[in-house]
Student: 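Attaching a single structure in structure tokens format; questions to follow.
Order of the sequence lines sets the chain letters (A, B, ...), proteins ahead of strands, with each chain counted from 1. In this text the structure is predicted, and so the values were computed from the model without any measurement.
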Amino acid sequence: MTFAERVYEVTALIPEGHVTSYGAIARALGAPRSARMVGWALNNSPHDRDLPAHRVVNRVGILTGAIHFGPPDEMRHRLEVEGVTFIDEITVDMKAHFWDPADDPRVDEFFQFLES
DNA sequence: AGTTTGACAGTAT
DNA sequence: GATACTGCCAAAC
């Protein structure tokens, strides 16, 4: 299983109405210095898998990946529909919606699965 | 096998 | 504070 595939698995676990950051995913994968790789992985993410990639923002809460969602405001709109609030046009309220993969027991289960 | 490329993060200025 | 700079490393080519 490649690094990118692990990124997809974690991304799929992001709860509705929440967001996480590239760095947080990298840490959860045991590669704390590989935030850029998470971005790279999502950039090449499969379109046939319905990944909630719109729930991944940078550490500040800015939707740096918005340009990959077609219409300029598509990403923000998807988040707003889920109840995610913004502190300005492009910045999500991280304090209210941040979800850390490392805090979710399902992520631990996932890693145990990998070892078996 | 060497180079390039990022949807980043942390530190320094 | 806002920029600028630097470290990062998996994949594609």
Side-chain angles (χ1 to χ4, degrees):
Chain A
M1 176 168 243
T2 66
F3 180 88
E5 287 169 331
R6 294 199 295 271
V7 171
Y8 305 148
E9 295 302 321
V10 173
T11 302
L13 297 178
I14 305 175
E16 234 184 75
H18 291 74
V19 298
T20 192
S21 75
Y22 303 92
I25 293 175
R27 278 198 309 277
L29 290 177
R33 287 154 279 182
S34 302
R36 290 190 77 166
M37 306 314 108
V38 175
W40 176 91
L42 289 179
N43 179 239
N44 297 298
S45 72
H47 283 262
D48 62 332
R49 178 131 185 227
D50 295 335
L51 282 179
H54 58 283
R55 300 186 186 133
V56 184
V57 303
N58 76 2
R59 70 175 167 155
V60 185
I62 293 179
L63 278 45
T64 47
I67 55 177
H68 299 278
F69 285 85
D73 292 330
E74 170 74 11
M75 186 175 182
R76 190 188 75 211
H77 185 66
R78 284 197 197 175
L79 290 170
E80 286 176 334
V81 166
E82 296 181 1
V84 174
T85 56
F86 288 68
I87 63 180
D88 69 36
E89 289 292 314
I90 60 168
T91 312
V92 308
D93 186 347
M94 292 297 272
K95 186 165 183 171
H97 301 109
F98 180 70
W99 170 82
D100 189 346
D103 290 340
D104 194 312
R106 290 179 300 167
V107 175
D108 297 329
E109 291 174 19
F110 169 59
F111 278 110
Q112 287 178 15
F113 168 75
L114 284 186
E115 292 173 16
S116 58

Student: When you compare the side chain of A:His97 with that of A:Val92, does any pair of heavy atoms fall below 4.5 Å?
Tutor: no
Student: Any side-chain heavy atom of A:Thr64 sitting closer than 4.5 Å to one from A:Tyr22?
Tutor: yes
Student: Among A:Val107, A:Asp100, A:Val10, which residue satisfies the side-chain contact (heavy atoms from CB on, under 4.5 Å) criterion with A:Ile25?
Tutor: A:Val10
Student: Tell me: CG of A:Leu79 to P of B:dA7, nearest whole Å?
Tutor: 18 Å
Student: Contact class for A:Ala41 (heavy atom, under 4.0 Å): base, sugar-phosphate, or nothing?
Tutor: nothing
Student: Mark up nucleotides 8-13 of chain B, 5' to 3', with B wherever a protein heavy atom is under 4.0 angstrom from a base atom, S wherever such an atom reaches only the sugar-phosphate, and - elsewhere.
Tutor: BSB---
Student: I'd like to know if A:Glu9 and A:Arg106 make a salt bridge, using a cut-off of under 4.0 Å between side-chain N and carboxylate O.
Tutor: no
Student: To the nearest angstrom, how far is A:Ile62 atom CD1 from C:dA2 atom P?
Tutor: 10 Å
Student: On DNA chain C, nearest-nucleotide positions of A:Arg33 versus A:Trp40: which is more 5'?
Tutor: A:Arg33
Student: What is the distance from CG of A:Asn44 to C1' of C:dC9, rounded to the nearest Å?
Tutor: 14 Å
Student: Whole angstroms only, please: what is the CD1-P distance between A:Ile25 and C:dC9?
Tutor: 18 Å
Student: Above 12 or not: heavy atoms from other molecules or residues under 6.0 Å from CG of A:Asn44?
Tutor: yes
Student: Using atom CG of A:Asn43 as one end and atom P of B:dT4 as the other, report the distance to the nearest whole Å.
Tutor: 19 Å
Student: Nearest-Å distance, CG (A:Leu51) to P (B:dA7)?
Tutor: 17 Å
Student: Between A:Arg78 and A:Glu74, does at least one N-O distance fall below 4.0 Å, as a salt bridge requires?
Tutor: yes
